[in-house]
There are 2 protein chains.
Amino acid sequence: MFKEDYSIEKTAEILKLLGDKTRLTMLKILDKQTCCVCEFVEIFQVSQPSISQHLRKLKAAGLVSEERRGQWIFYSLHKANEYYPLIQQILLHLPNQEDKLLELEEKGTRVSCC
Amino acid sequence: MFKEDYSIEKTAEILKLLGDKTRLTMLKILDKQTCCVCEFVEIFQVSQPSISQHLRKLKAAGLVSEERRGQWIFYSLHKANEYYPLIQQILLHLPNQEDKLLELEEKGTRVSCC
DNA sequence: TTATTATATAACTATTTGCTTATATAGGTA
DNA sequence: TACCTATATAAGCAAATAGTTATATAATAA
């Protein structure tokens, strides 16, 4: 009742993606909530292109998926991904990040469209 | 009965270290066997300084420990490390690498001192 | 002592990375 | 239509990375 092995090469690629503070935090947030680009920009206090580039990498690896709602594009963890079991195990070790979006809600800058 | 959370920052650092094919394979090997620098050189077919530099990074993070035996310095996984539970979970997903040192034994280039 | 072997460190280089600013694209609204 | 907002992409740059060769250090053997 145990998973297939992952290849070392592909696993190293995935871990390199997770080996960045910003992307790792993004994934931890997305494990519980969906989030759009402009919210990430406010959370991490970096430029919008920087966030888009991180998300592009995560999407290229199949780790996140996107869904457009009006002007906004919401990202979420792609839980059907082959590597999700590994990623979830890793994320379980990390402190909850739900406060990040809660702060935006309190400031009134949470995007809540639709 | 569950572990403390790791910090996002330190976890990202650890994952960045694991996010390299050579280092990830090293750790998988060291999870089961001890291995010295010259054996890694033969396994990975890269220069000796390259191997030493990878091992230095892993040692600086506390992931491996070294033990000198004569001319050789044997490395092993530092299982008392705070991050070992995380690392072991990751390594469990990877294919067994014990064939690597077995090959050296068959070629007669396995170091077996002491 | 000298020579040999194993490992570490220094210096260099090419590549990759993560950010920035500027610009393009796409949807919503007046 | 024109304008505004959200996002993506392009281009440029400084820092980090992973390798190399050359050299230093340490243990062993002659």
Side-chain angles (χ1 to χ4, degrees), chain A residues 8-9 12-27 30 34-61 63-76 101 104 108-114, chain B residues 8-9 12-27 30 34-61 63-76 101 104 108-114:
Chain A
I8 297 236
E9 287 78 1
E13 269 178 51
I14 300 289
L15 295 175
K16 182 181 288 182
L17 282 176
L18 304 207
D20 174 275
K21 177 182 178 311
T22 302
R23 285 192 297 265
L24 189 59
T25 310
M26 282 176 155
L27 291 174
L30 293 177
T34 65
C35 193
C36 71
V37 177
C38 59
E39 291 170 329
F40 279 134
V41 169
E42 198 172 340
I43 290 171
F44 293 109
Q45 296 287 309
V46 292
S47 68
Q48 174 267 314
S50 176
I51 296 295
S52 281
Q53 285 156 17
H54 282 304
L55 288 167
R56 182 166 53 173
K57 287 181 189 182
L58 294 174
K59 197 177 61 169
L63 303 190
V64 303
S65 39
E66 58 179 36
E67 182 202 352
R68 181 178 278 275
R69 296 188 215 154
Q71 295 170 272
W72 296 275
I73 297 179
F74 281 78
Y75 284 86
S76 53
L101 282 170
L104 298 198
T109 54
R110 177 87 159 107
V111 171
S112 37
C113 72
C114 316
Chain B
I8 298 238
E9 288 79 1
E13 269 178 51
I14 299 288
L15 295 174
K16 181 180 288 184
L17 282 177
L18 304 208
D20 174 275
K21 178 183 179 307
T22 302
R23 284 192 297 264
L24 189 59
T25 310
M26 282 176 155
L27 291 173
L30 292 178
T34 64
C35 194
C36 70
V37 177
C38 60
E39 291 170 329
F40 279 132
V41 169
E42 198 173 341
I43 290 171
F44 293 109
Q45 296 286 308
V46 294
S47 68
Q48 174 265 315
S50 176
I51 296 295
S52 281
Q53 284 156 18
H54 281 305
L55 287 168
R56 184 168 48 173
K57 287 181 188 182
L58 294 174
K59 197 177 62 170
L63 303 190
V64 302
S65 39
E66 59 181 33
E67 180 201 354
R68 181 177 278 276
R69 295 188 216 153
Q71 295 169 273
W72 297 276
I73 297 177
F74 281 77
Y75 284 85
S76 53
L101 282 169
L104 298 197
T109 54
R110 177 85 158 108
V111 171
S112 37
C113 72
C114 317

Query - Side chain A/Q53 and base D/dT7 donor-acceptor under 3.5 Å - result: no
Query raised in the report: Between A/Q48 and B/C36, which is nearer to the 5' end of DNA chain C once each is assigned its nearest nucleotide?
Result: B/C36
Report task. Between B/V37 and A/Q45, just flag the one whose closest nucleotide in DNA chain C comes earlier from the 5' side. Result -> B/V37
Query raised in the report: Under 3.5 Å, side chain of B/R68 to main-chain N/O of B/G70, donor-acceptor pair present?
Result: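 Yes, the answer is positive, given that a donor and an acceptor are paired below the 3.5 Å cut-off.
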Query raised in the report: Quick one: does B/E39's side chain have a donor or acceptor within less than 3.5 Å of a partner on B/C36's backbone?
Result: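 Answer holds: yes.
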Could you pull out the closest heavy-atom pair between [X] and [Y], with the gap in Å?
X     : Y     : value
B/S76 : B/T34 : CB-CG2, 3.7 Å
A/K16 : B/G19 : CE-O, 3.2 Å
A/L24 : B/I8  : CD2-O, 3.8 Å

Query raised in the report: Would you say D/dA18 has OP1 or OP2 under 4.0 Å from some side-chain N or O of B/K57?
Result: yes
Query - Below 4.0 Å: OP1/OP2 of C/dT7 and any side-chain N or O of B/S52 - result: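 Indeed not, no polar side-chain atom of B/S52 lies that close.
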How many whole angstroms separate atom [atom1] of [X] from atom [atom2] of [N]?
X     : N      : atom1 : atom2 : result
A/F74 : D/dT7  : CZ    : C1'   : 13 Å
B/E13 : D/dA16 : CD    : C1'   : 13 Å
A/I73 : D/dT9  : CD1   : C1'   : 13 Å
A/H54 : C/dC19 : NE2   : C1'   : 8 Å
B/L58 : D/dA18 : CG    : P     : 10 Å
A/D20 : C/dT17 : CG    : P     : 11 Å
B/I51 : D/dT21 : CD1   : C1'   : 16 Å
B/M26 : C/dT7  : CE    : C1'   : 13 Å

Query - Check against side chain to side chain contact (heavy atoms under 4.5 Å, CB included), B/H54 and B/S50 - result: CA-CA 6 Å; B/H54 281 305; B/S50 176; 4.0 Å; yes
Requested in this report: Identify which nucleotide among C/dA6, D/dA10, D/dT20 has an atom closest to any side-chain atom of B/S47, counting heavy atoms from C-beta outward.
Outcome: D/dT20
Query raised in the report: Among the nucleotides C/dC19, D/dT20, D/dT7, which one has an atom lying closest to any side-chain atom of B/V46?
Result: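 Between C/dC19, D/dT20, D/dT7, the one nearest the side chain of B/V46 would be D/dT20.
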Report task. Spell out protein contact along nucleotides 24-30 of chain D as letters: B when the base is contacted, S when just the sugar-phosphate is, - when no protein heavy atom is under 4.0 Å; keep the 5' to 3' order. Result -> ---SS--
Contact class for [X] (heavy atom, under 4.0 Å): base, sugar-phosphate, or nothing?
X     : value
A/K59 : nothing
A/F40 : nothing
B/F44 : nothing
B/K21 : nothing

**Report entry** Net bend of the helix from C/dT1-D/dA30 to C/dA30-D/dT1, end axes of five pairs each, nearest 10 degrees
**Finding:** 10°
Side-chain contact test, heavy atoms from C-beta onward, threshold under 4.5 Å: evaluate it for [X] versus [Y] and give yes or no.
X     : Y     : result
A/L18 : B/L18 : no
B/V37 : B/L55 : yes
B/L58 : B/Y75 : no

Query raised in the report: In chain order, what residues pass the side-chain hydrogen bond (donor to acceptor under 3.5 Å, both in side chains) check against B/E9, with sequence neighbours excluded?
Result: none
